[in-house]
Amino acid sequence: MSDYIFYPGCSMESSAKAYYDSVMSVCQALDIQLNEIDDWNCCGATEYLSLERMPAYALIARNLALAEKQSNGSKTVVAPCSACYLNLAKADHYMHEDKAFGKNINEALAAGGLHYTPGKLAVRHLLDVVLNDIGLEAVKAKVVKPLTGLRVAPYIGCMLPRPDYGNRYSDTENPTELDDLLRALGADVIDFPLRTACCGGHMTQIGPGTAFELIRRLVSTAADQYKADVMVAVCPMCQMNLDAFQGQMNGYFKTDYHMPILFFTQLMGIAFGADAKELGFGSEFVSAREAMSRIGVQTPEPAADAPAKKKPAGLPMPPPLVHASQTTTHSKEAGQ
Amino acid sequence: MPQMIDERAKAGLTPEEDLSLLHEVSMKTAGDSHVEMCIQCGTCGGSCPAGMDMDHTPRAIFAMLRAGMREAVLKSNTPWMCVSCYYCTVRCPQEIHITDVMYTLKNMAVQSGMVQDSTASDFSRTFINFVENYGRSFEIGLAGLHNLIHPRLALRLPNMAPMAIGMLTKKGMSPLPPKRIKGMKGLKKILKRAKELEAA
Amino acid sequence: MSPTKRPKERIGVYVCHCGSNIAGVVDVAEVSAWAGKELEQDGVVVARDYKFMCSSLGQELIERDIKEKGLTRVVVAACSPHLHEPTFRAACARAGVNPYLFEMTNIREQDSWVTTDKIEATKKAKALIAAAVGRVAYQKPLESLYVPIDPNVLVVGGGVTGIQAALEIANSGQHVYLVEREPSIGGHMAQFDKTFPTLDCSACILTPKMFDAGNHKNITLLTWSEVEKVEGYIGNFTVTIRKRARYIDESLCTGCGVCWEKCPKKVVDPVFEAGLGYRKAVYVPFPQAVPKYPVIDRENCTYYLKGTCKACEKFCPTGAIKFDQQDEILTVKVGNIILATGYDLFDARKIPNYGYGRLPNVFTSLEFERMTNAAGPTLGKVVLRDGVTQPKSVAIIHCVGSRDKNYNNYCSGICCMQSLKFAHLVKEKTGGEVYQFYIDMRTPGKTYDEFYQRIIQEGANMIRGKVAEITDTARHPSEEGKLIVQVEDTLVGKQRRIPVDMVVLSAGLEARADAKEVAQKFGISCSADDWFIERHPKLDPVATMTDGVFVAGACQGPKDIPASVAQGAAAAARVLSIIGQGEIEIEAATAIVDEATCVGCKECIASCPYQAIQYLEDKGKAYVQEALCKGCGTCVGTCLPKSISLKHFTDEQIVAEMIGAMQTMKSFETVEAA
């Protein structure tokens, strides 16, 4: 039994429920004990860093401080989301490298009665833990339903191999970790040249034209050039961009791709013999049913699209919006 | 005094002359950004997946920082198009932390009020409002709210609404806001202190 | 131990301004006034400061004081003893003071250059002078030793640099041992087809020199050989060389070539053909190889692998194949050594985004050199990896692995000109489109920029930008089946994707993979990038800090052919000048045994790295051979009864030096406290 401090991240509670379920299933099978950080907060994604530096790092560091307090011997924080992983790693790295900066962040944490010792914890992604702590041999030993015949495009994305503060990955451009893992599950892994290209990040929200082109490059290369059955992601944001926005990307370019985008833990679960429904299959936008049935795995059909005409109802109202211009005034005041 | 500036420009002088700009950017970036070491090779501009849509390549932005062109840099869409893929950062032959510098430029643009198209900064602000009030973020609420602020974007994205519904039906996501963290009071204090330190 | 009673000496102290190098930070006037007053009790009778002590006027100042004021000891506070200790020792000697009664203290490199704090720098200068004054009174007159120079020379590396050096020395009548690791001399230059900027044929200008080196009566050519051990010192080195077995009897072999014609085993040649072509298991690397004898590659030879074959032996008309041949160990004596070990090519596989090793039609510069060589694997045709298709467009990428902190921080110097040469060759041989991707075009050699202009005129497309990536993943139908070079055209300020058929990477030059080991073997040092370090970057570019060991060519840093040849000849000239002197002065600071207390335990003999200590059987005592002793002091530390001391570095001198420094620092503290 290996003990880890677990930082799930916000997506795991909402859009990436399938990821959460499959992570839990796989970790149980591999005897990985995940101890969730009590009362963790959002890492701020790429958004807080875009607005204000110190609050953004303080927000991230609160999680590290809580994790340090709760560590109980374990020094490794595991994050399943690449963006969360990088933010936590980045805060630790800069607090350690830039001592004055680290001191400032700790001064902010002190206002909430917390403290983090830079360099104290190792921040790692679940993929790294499975590969390097559990090992491919142990994974292979758990495989009861090899994924033989399933053509998989391994998509690792940006934020694990880059900038890679801890030198944890084999290459910044062509890391083979995900390939190795999927191969250990028996899958037919394609040599995907875009395995670390960008999924579009937050551009799906703010500049869809830019994002759709990035999604198109990934999906079309995997589908047309490499005839992949499914693409595998290691990050909720990548998965959402490629899955949820694939239909709109098709509309934008007048194309008709149906590339299922799955989490690596979902395929691990299938190979370990878990039930597809418990691994969150059926919650994807682009159905994986046909692809998975090719290797004899039955997965639930995603619920039918809601009628397009139905107005979006019942969305919650958030607290009053502080507009950008007001933010400016606010920070100026703080400066005086 | 715009007239003065025009005269300078006519005489062939740099319209703005803010040679401390580069240093300021460096100071406002965590760690050692090495931004002053740029050799203008263009590895960043060549690597950028969003480079086609930027009005200046990152390399050109660094040249403009050197030339002290504060307004042109802070009004540029370049940092807002950054997708944080870190290709430029790992490929840069001078080890400049380019992605982090892009974050700094966004901070400076928001704080100076020079942001031209506020689509991106408003998205960030909406996102952060959830975080500052709940301690957690909330994707569905975010997409809906963001579209309310930016109907232009919703027009560009005719399918946005069905997607939000899909989120509810396929993913079984809760339409309620995220649960507020227990330590919200402490987090607010931390963020308040951090904002004071940032402004200091 | 405390020093014995201080001898009464008359000491002169001279503080150098070194222009503003020292005087800009250290208050030199104050320092000399202080020395004259505060160190009077220690024997200082005169203290002066002067703008340039090393000038003739500065030296005359010392000589005059020695004569007029009867100085018996001299202290100069100036730069590093590396630079001017010989200057001032000579001045003392001219005025009749033994050179070893002079002491130099460094207030520049170790003081004014390393701080901007004028007050602290001035204090440190005083402390250093007090230390030198402290020790100088205890110094003893010593006589330098002179040893004869062995006129034989060792040249390591048989590329164009080593060949040049060897020929210069051999032509003057001295004997040279030219040692080369590969089966033939010729080095990288033998692999090239054309040389910039004149485009003359590389083989045409190199092979006559190779032939001369191979047939010179004053050159012993040892190829397929490596230096294993170096002992001794300038004038008297003993070098152990391993001459690896070729499995060929050189006295019988005529170089007819039947053996490699008949050999059934074909292997990729990673060295001479840069991995682009094949050779046999018994081979000469290229037709003009010197010497003409082949080598059997034991690792690939079927006979050594399986015990059968022997095709070469069957067909050899002179019976020269000797499967049981053994390595030979040779010992040679030389007076000087020139290292000309060259460079390795940067391994372009390290840059994942350039796809070398993954994308077949990405080539390195050395592969391209072989491809364009009429005697190379494609007989000079420029073709894709399939061996037949002529490319319609070629991208040539500069600075691959150079000027990049992720790989090598330095400029490799030769790549711009080499890439321009490639552009010409592509145009000449294919008529296709050529793109040059460069960061800065660096063409400072004689007629180099004219060559650049010629290539522009020939129609090469020049794109200023460091290439971001090379990919075969098409985004658009027009890119399909091509290699796409993605780059920011920095002069336009836009990202561009340029589809081409072939990419050539101008890979940078790196120090040899084993440069550190080689440096250690010869007692010299390497820079952070593993290049051999010269004695002085401007004024002594081919000497090293180890007397009698010289460096030339690309082993000292990236260099093109003209610069390498010039250094080879320069190193030869330096060596010939030493040989011409006949004998050389050896520093007198050697170890000496006090026979009265030596117990004959032999600990010192075991500890001496230079084998300079003998055991005198008749007396039962240790004895130091002065000519072999380098004055390192290791034996002094191991001698339990303290019978060994180092002349010029006695305990008494060192303790006096420390007391001088510490008392001065202490006095400052007292003053500050008060």
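The figures that follow rest on heavy atoms only: side chains count, while hydrogens, waters and symmetry mates do not. All of these numbers come straight from a predicted model, not from anything done at the bench. Order of the sequence lines fixes the chain letters, A, B, ..., with proteins taken first and strands second; residue numbering starts at 1 for each chain.
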J.: Quick one: what part of B:Cys92 sits under 4.5 Å from any heavy atom of chain C, side chain, backbone, both or neither?
T.: backbone

J.: Give a yes or no on whether C:Arg385 atom CZ has more than 12 heavy-atom contacts from other residues, nucleotides or ligands under 6.0 Å away.
T.: yes

J.: Between CD of C:Gln486 and OG of B:Ser47, what distance do you get to the nearest 0.5 Å?
T.: 7.0 Å

J.: Can you check whether B:His34 reaches C:Lys405 side chain to side chain, under 4.5 Å on heavy atoms?
T.: no

J.: Minimum heavy-atom separation for B:Pro93 to C:Asp404, with atom names?
T.: CA-OD1, 3.2 Å

J.: Taking every non-hydrogen pair under 4.5 Å, which of B:Met52, B:Gln94, B:Arg59 racks up the most with chain C?
T.: B:Arg59

J.: If I take atom CZ from residue B:Arg91 and atom CD from residue C:Glu469, how far apart are they, to the nearest 0.5 angstrom?
T.: 4.5 Å

J.: Does a side-chain heavy-atom distance below 4.5 Å link B:Met54 with C:Gln495?
T.: no

J.: Can you tell if the side chain of B:Glu95 reaches within under 4.5 Å of the side chain of C:Asn406, non-hydrogen atoms only?
T.: yes

J.: How many angstroms lie between atom CD1 of B:Ile39 and atom OG1 of C:Thr490, to the nearest 0.5 angstrom?
T.: 10.5 Å

J.: Report, as yes or no, whether the 6.0 Å neighbourhood of atom NZ on B:Lys192 holds more than 12 heavy atoms from other residues, nucleotides or ligands.
T.: no

J.: Rounded to the nearest 0.5 Å, how far does NE2 of B:His56 lie from NZ of C:Lys494?
T.: 9.0 Å

J.: Specify which of C:Val467, C:Ile351, C:Asn353 makes the most heavy-atom pairs with chain B at under 4.5 Å.
T.: C:Asn353

J.: Under 6.0 Å from the CD atom of C:Gln457, do we count more than 12 heavy atoms belonging to anything else shown?
T.: no

